[in-house]
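One structure is given here, and the rest of the page talks about it.
Lettering of chains follows the sequences in order, A, B, ..., and the numbering in each one begins at 1. Computed from a prediction, not measured in an experiment: that's the story for all the values here.
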Number of protein chains: 2
Amino acid sequence: MTENNNNTKNRILETAEALFAQKGYHAVSVREITMAAKCNMAAVNYHFNSKKNLYMEVFRTQWVPRELRMYESFSKELSKIEPHSPNLVIQALASAYLEGPLTNEELKRHRQLIIREINNPTEVIEYVADHTMRPLYRILQQHLKPFFPEHSNEESFTLDILSIFGILLYFNYSRPMITHITGEKYDNAFKTRLITHLVRFSLNGLGANGKDMQ
Amino acid sequence: MTENNNNTKNRILETAEALFAQKGYHAVSVREITMAAKCNMAAVNYHFNSKKNLYMEVFRTQWVPRELRMYESFSKELSKIEPHSPNLVIQALASAYLEGPLTNEELKRHRQLIIREINNPTEVIEYVADHTMRPLYRILQQHLKPFFPEHSNEESFTLDILSIFGILLYFNYSRPMITHITGEKYDNAFKTRLITHLVRFSLNGLGANGKDMQ
DNA sequence: ATTTGTTTCAAACAAATGTTTGAATGTCAA
DNA sequence: TTGACATTCAAACATTTGTTTGAAACAAAT
């Protein structure tokens, strides 16, 4: 009962995620999803009750677990190299964000989707924030705070972390814009240079460049 | 012929911009726009031929000129205080982006709209890039480049500039997210602290903190 | 083979979408 | 005032939207 046709259900979840990420919620129709998933149109309402709920289920069953897997690979990467330095922490974060264990296409989808949700918050944003963003913030705080005791107040540190996320997300969501401005292709070579830049800029931004924390 | 009913045309342009910024192109209907603009539904097609063209006209006649006005006030601010320092340049840029000559609500709309367009590029993005982003990039290059001769290659400098934009835009587009994470209200006091932070982080990021460029 | 419950399907549903129409209203110079 | 034009309007247009329906197909246990 739950094994066979999960096939259809999963196919819908996957194609829906790809399409939502690519075009946004309103620009994708149920017909488009079910066509791509090669199933009947009624399947969406049968398995998910509504288009809106399908959108939320994409986050609950696909996006959040994938993001958490990314945190694990990020944490594992960190635990490999003790003791930490801000440089290594940021390096690992940037890699996880721009490379990670996923393929290029998966990663692009993954980031695009959350950027759309952040930009157009629905009720699912709270679930996502509680299950992924806040935990990640705590991980980073735990690993970076010791190096920056001068951040006496919490807010200053929070803004630093948020700024780093800002840059990381920006270089995802404005990909077309950036290639249009710089005239460069967003290939792997560029991405490598991008990571180097992001790490340096973020580290500098944190105020870690004068000190021997590299 | 063009004075009287410009009233209607302008009302449509203004309400359309507000709604597009608030909800995005697909989430706004022509009926919604004309209701808010207190005019007949057919007025959109009469004055703009299509909804899509109305969207592009919003950029051509409203958004781009407003952005250019912002550059002027930014440039004027800069020319007031010679000689420049990176600190002052970034300070002026951050102020222009988060405060500027516009009211809070206008500025929020203005940034939201371009963020949506960047995130969901249509054909108008090229016009916007050519008329606003590239010129602004040139202004910044002109004022900042002299302080960073170590940026021998162009790309490195470009990425620095883009990163600063990334942070600035991020703190606009993820406003709800940020208040949800930090638990703080996005009021004027917070905004002031935010600007201070952004200037420091960006300056550090550029690599200008060790030197006496403050 | 029959029953039970689940999943798929084509068809239809009401509601909402952007656009078009043609008459009515307004504007203003001749 | 008349005529020519621009603008507004209510109504209707054909499509597309998300959702529902009820029958058919399927699976697995009795």
Nucleotide nearest B/Y46 when distance is taken to its side chain, options C/dT6, D/dA6, C/dT19:
D/dA6
Rounded off to whole Å, could you give me the CD1-to-P distance for the A/I12 and D/dT19 pair?
13 Å
Would you kindly give the CD1-to-P distance between A/I33 and D/dT16, to the nearest whole Å?
17 Å
Intermediate values then yes/no, side chain to side chain contact (heavy atoms under 4.5 Å, CB included), B/R66 and B/R109
CA-CA 12 Å; B/R66 190 187 303 117; B/R109 271 183 219 161; over 6 Å; no
Flag the pair A/F165 / A/L136 as yes when at least one side-chain heavy-atom distance between them is below 4.5 Å, and no otherwise.
yes
Would the number of heavy atoms belonging to other residues, nucleotides or ligands and lying under 6.0 Å from NZ of B/K52 be above 12?
no
From C-beta outward on B/M41, which listed nucleotide comes closest to its side chain: C/dT19, C/dT21, D/dG18?
C/dT19
C/dT8 OP1/OP2 closer than 4.0 Å to side-chain N/O of A/T8
yes
Salt bridge (charged side-chain N to carboxylate O under 4.0 Å, His left out) test vs B/R111 passes for just one of B/E106, B/E67, B/E105, B/E117, namely B/E67
Here the distance between atom P of C/dT17 and atom CG of B/L54, to the nearest Å, is 15 Å
Compare side-chain N and O positions of A/H47 against OP1 and OP2 of C/dT8 and report whether any pair is under 4.0 Å apart.
yes
Out of C/dT20, D/dT20, D/dT17, whichever nucleotide has its closest atom nearest the side chain of B/N45:
C/dT20
Mind calculating the distance between CE (A/M35) and P (D/dT16) to the nearest angstrom?
11 Å
CG-OH distance between A/L78 and A/Y71, expressed to the nearest 0.5 angstrom
13.5 Å
Side chain of B/N40 (C-beta onward), nearest among D/dA10, D/dT17, C/dT6:
D/dA10
Should stems be defined as at least three consecutive Watson-Crick or G-U pairs with both distances under 3.5 angstrom, which of them involve DNA chain C?
C:2-12 with D:19-29, C:14-30 with D:1-17
Taking for each residue the nucleotide of DNA chain C with the nearest heavy atom, is it B/R31 or A/R31 whose nucleotide lies nearer the 5' end?
A/R31
To the nearest 0.5 Å, tell me how far B/I167 CD1 sits from A/F201 CZ.
5.0 Å
If you look at every strand shown and take non-hydrogen atoms under 4.0 Å, does A/A42 touch a base, only sugar-phosphate, or nothing?
base
Can you tell me if A/E77 and A/Q91 form a side-chain donor-acceptor pair at under 3.5 Å?
no
Between C/dT20, D/dT19, D/dT8, which nucleotide has the shortest distance from any of its atoms to the side chain of A/K51?
D/dT19
Out of D/dG18, C/dG18, C/dT8, minimum distance to the side chain of A/V30 belongs to D/dG18
Whole-Å distance, A/R11 CZ to C/dT8 C1', equals 11 Å
